[in-house]
Amino acid sequence: MSFILFLFLAHLGIGIAWTLLLVRREAGVKFFRFNAGLAALLLVAAAALRPKPPDSTGIDLVWGVGLWLLYATIAGLTLYWATIGRALAALRPVFLWAALLAGAGAILVHALVMSWPSGSMVVRGLTAASFVTSAALLGGACTAMVLGHWYLILPSMEIGLLQRIVRFHLTSLIARVILVAGVVAAVAGGLMAAKIDLAHYATSAAGVFLWQRVLFGLAGPAVLGWLTWETAKIRSTQSATGILYVDFFTVIVGEVLAKYLLMETSLPL
């Protein structure tokens, strides 16, 4: 459970930080301050819940590097948040980019740690891609929801801001679907092994978690993301925001289950 919460909070916080690059200044100082602060708090919670590294030879040093990169991400986001609309504005992009790069490094190191026992480059590559797409999907869904809500505060904002982040959300979802299909294909082709027989697991009682992951984490956001896009095109921002609340919930459920399945089956689904 500790690994599941740690990975979920880390991916959500880093994903929100990434999406700060996608929103223009028109959203206002408070929007960026809120999202940067939220991302930093999520990462602080992840750091507080950090689990012990898996019992594998040589993993302690790698795990330590990942934690220091996570701390660097928190520091960068905190400095970025502290300078929004205040002094040292010229250094704000430096703080943000430092946080984004450190966050990306932390995700890749975490992926290496989780796939360490396999020793397979295919498994490590798919796990890294899984973690990156997970962070992008979580961050895009959360930021889209918050931005949709922001139209209630600044109704004069261009609808293009919401459309841009929804487009990113749908793109990250497509990448996530392709990645999951790639993992299943790799297992079927014998390129990666799992703790369990995937076909048997999918048809067993325990397989309900796999089907819930597909339903809530992939199919649900696909339908809701499309509905959001259509409502945004007619500038129905209140309807779009309502849909995005449900969409974000389904993404959360799907990604928590994905991390549970990673621990249960060793597959980065």
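No side-chain heavy atom of Met114 sits less than 4.5 Å from a side-chain heavy atom of Ser266. For the pair Asn35 and Val146, the minimum side-chain heavy-atom distance is below 4.5 Å. Contact annotation: the side chain of Leu21 approaches that of Leu100 to within less than 4.5 Å [non-hydrogen atoms, C-beta and beyond]. Considering only heavy atoms from C-beta on, Glu264 stays 4.5 Å or farther from Phe209 through its side chain. The side-chain heavy atoms of Leu267 and Leu261, taken from C-beta on, include no pair separated by under 4.5 Å. Two residues are said to be in side-chain contact when any heavy atoms from C-beta on lie closer than 4.5 Å; Arg124 and Thr127 fail this criterion. Residues Glu230 and Ser236 form no side-chain contact, since every pair of their non-hydrogen atoms from C-beta on lies 4.5 Å or further apart. Using a 4.5 Å heavy-atom cutoff, the side chains of Leu161 and Glu158 are in contact.
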Start with the C-alpha gap between Ser134 and Ile107, add the side-chain angles, then the distance that decides, and say whether side-chain contact (heavy atoms from CB on, under 4.5 Å) holds. CA-CA 10 Å; Ser134 175; Ile107 282 181; over 6 Å; no
Between Val251 and His169, does the side-chain contact (heavy atoms from CB on, under 4.5 Å) criterion hold? Intermediate values first, please. CA-CA 11 Å; Val251 170; His169 173 47; 4.1 Å; yes
Candidate pair Val62 and Val109, rule side-chain contact (heavy atoms from CB on, under 4.5 Å), full reasoning: CA-CA 7 Å; Val62 179; Val109 172; 3.8 Å; yes
Apply side-chain contact (heavy atoms from CB on, under 4.5 Å) to the pair Leu43 and Leu9, showing each step before the final yes or no. CA-CA 6 Å; Leu43 294 179; Leu9 292 171; over 6 Å; no
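Using a 4.5 Å cut-off between side-chain heavy atoms of Ile, Leu, Val, Met, Phe, Trp and Tyr, with links allowed through other members, Tyr245 and Val256 fall into the same hydrophobic cluster. Hydrophobic clustering (side-chain heavy atoms under 4.5 Å, transitive across Ile, Leu, Val, Met, Phe, Trp, Tyr) keeps Leu257 apart from Val246. One hydrophobic cluster holds both Val132 and Val65 under the rule that ILVMFWY side chains link at heavy-atom gaps under 4.5 Å. A continuous path of hydrophobic side-chain contacts links Leu7 to Leu42 [ILVMFWY only; heavy atoms under 4.5 Å]. In the hydrophobic clustering of ILVMFWY residues, with side-chain heavy atoms under 4.5 Å counting as a link, Val253 and Val180 come out together.
At distances below 3.5 Å, at least one donor-acceptor pair connects side-chain atoms of Arg164 with backbone N or O atoms of Leu22. Between the side chain of Asp247 and the backbone N or O of Ile243 there is no donor-acceptor pair closer than 3.5 Å. Thr241 places a side-chain N or O within 3.5 Å of a backbone atom of Thr237 that can act as its donor or acceptor partner. With His110 contributing its side chain and Ala106 its backbone, the two residues share a donor-acceptor pair below 3.5 Å. Between the side chain of Thr73 and the main chain of Leu69, a donor-acceptor pair closer than 3.5 Å is present. Side-chain atoms of Thr133 come within 3.5 Å of backbone atoms of Ala129 as a donor-acceptor pair (strictly under, hydrogens ignored). Judged purely by atom type and a 3.5 angstrom limit, Tyr80 has no side-chain atom pairing as donor or acceptor with the backbone of Trp97. Remark: the backbone N or O of Ile84 is paired with a side-chain donor or acceptor of Arg33 at under 3.5 angstrom. Not one N or O on the side chain of Arg213 forms a donor-acceptor pair closer than 3.5 Å with the backbone of Glu255.
Distance check: Leu269 CG to Leu126 CG gives 10.0 Å after rounding to the nearest 0.5 Å. In this structure, CZ on Arg167 lies 10.5 Å from CG on Leu162, to the nearest 0.5 angstrom. Rounded to the nearest 0.5 angstrom, Phe34 CZ and Ile16 CD1 are separated by 8.0 Å. Atom CD1 in Ile153 sits 8.0 Å away from atom CE in Met157 (nearest 0.5 Å). To the nearest 0.5 Å, atom OG1 of residue Thr171 and atom CG of residue Leu137 are 11.0 Å apart. From Glu26, atom CD reaches atom CZ of Phe31 across 12.0 Å, with rounding to the nearest 0.5 Å.
A 6.0 Å sphere centred on CZ of Phe249 holds no more than 12 heavy atoms belonging to other residues, nucleotides or ligands. Heavy-atom contacts from other residues, nucleotides or ligands closer than 6.0 Å to CZ of Arg24 number more than 12. Shown here is Gln238, whose CD atom has no more than 12 heavy atoms of other residues, nucleotides or ligands within 6.0 Å.
The minimum heavy-atom distance linking Ala17 with Leu96 is given by the pair O-CD1, 4.4 Å. Residues Ala40 and Thr78 approach most closely at CB-OG1, 4.3 Å, considering heavy atoms. The nearest pair of heavy atoms linking Ile252 to Phe8 is CG2-CZ, 3.8 Å. Heavy atoms only, all atoms of each residue included: Phe248 and Ala141 are closest at CD1-CB, 3.8 Å. In this structure, Leu179 and Ser130 approach most closely via the heavy-atom pair CD1-CB, 3.6 Å. Here the shortest heavy-atom pairing between Leu244 and Ala144 reads CD1-O, 3.3 Å.
Side chain to side chain, Thr143 and Thr19 meet the donor-acceptor criterion of an N or O pair below 3.5 Å. Inspection of the Lys52 and Ser2 side chains reveals no N or O donor paired with an N or O acceptor under 3.5 Å.
Checked against a 6.0 Å centroid threshold, the rings of Phe131 and His11 count as neighbours.
Residues forming a side-chain contact (heavy atoms from CB on, under 4.5 Å) with Lys30 (at least two apart in sequence, or on another chain): Trp150.
Classification of the Trp63-Phe6 ring pair by plane angle, with boundaries at 30° and 60°, yields tilted.
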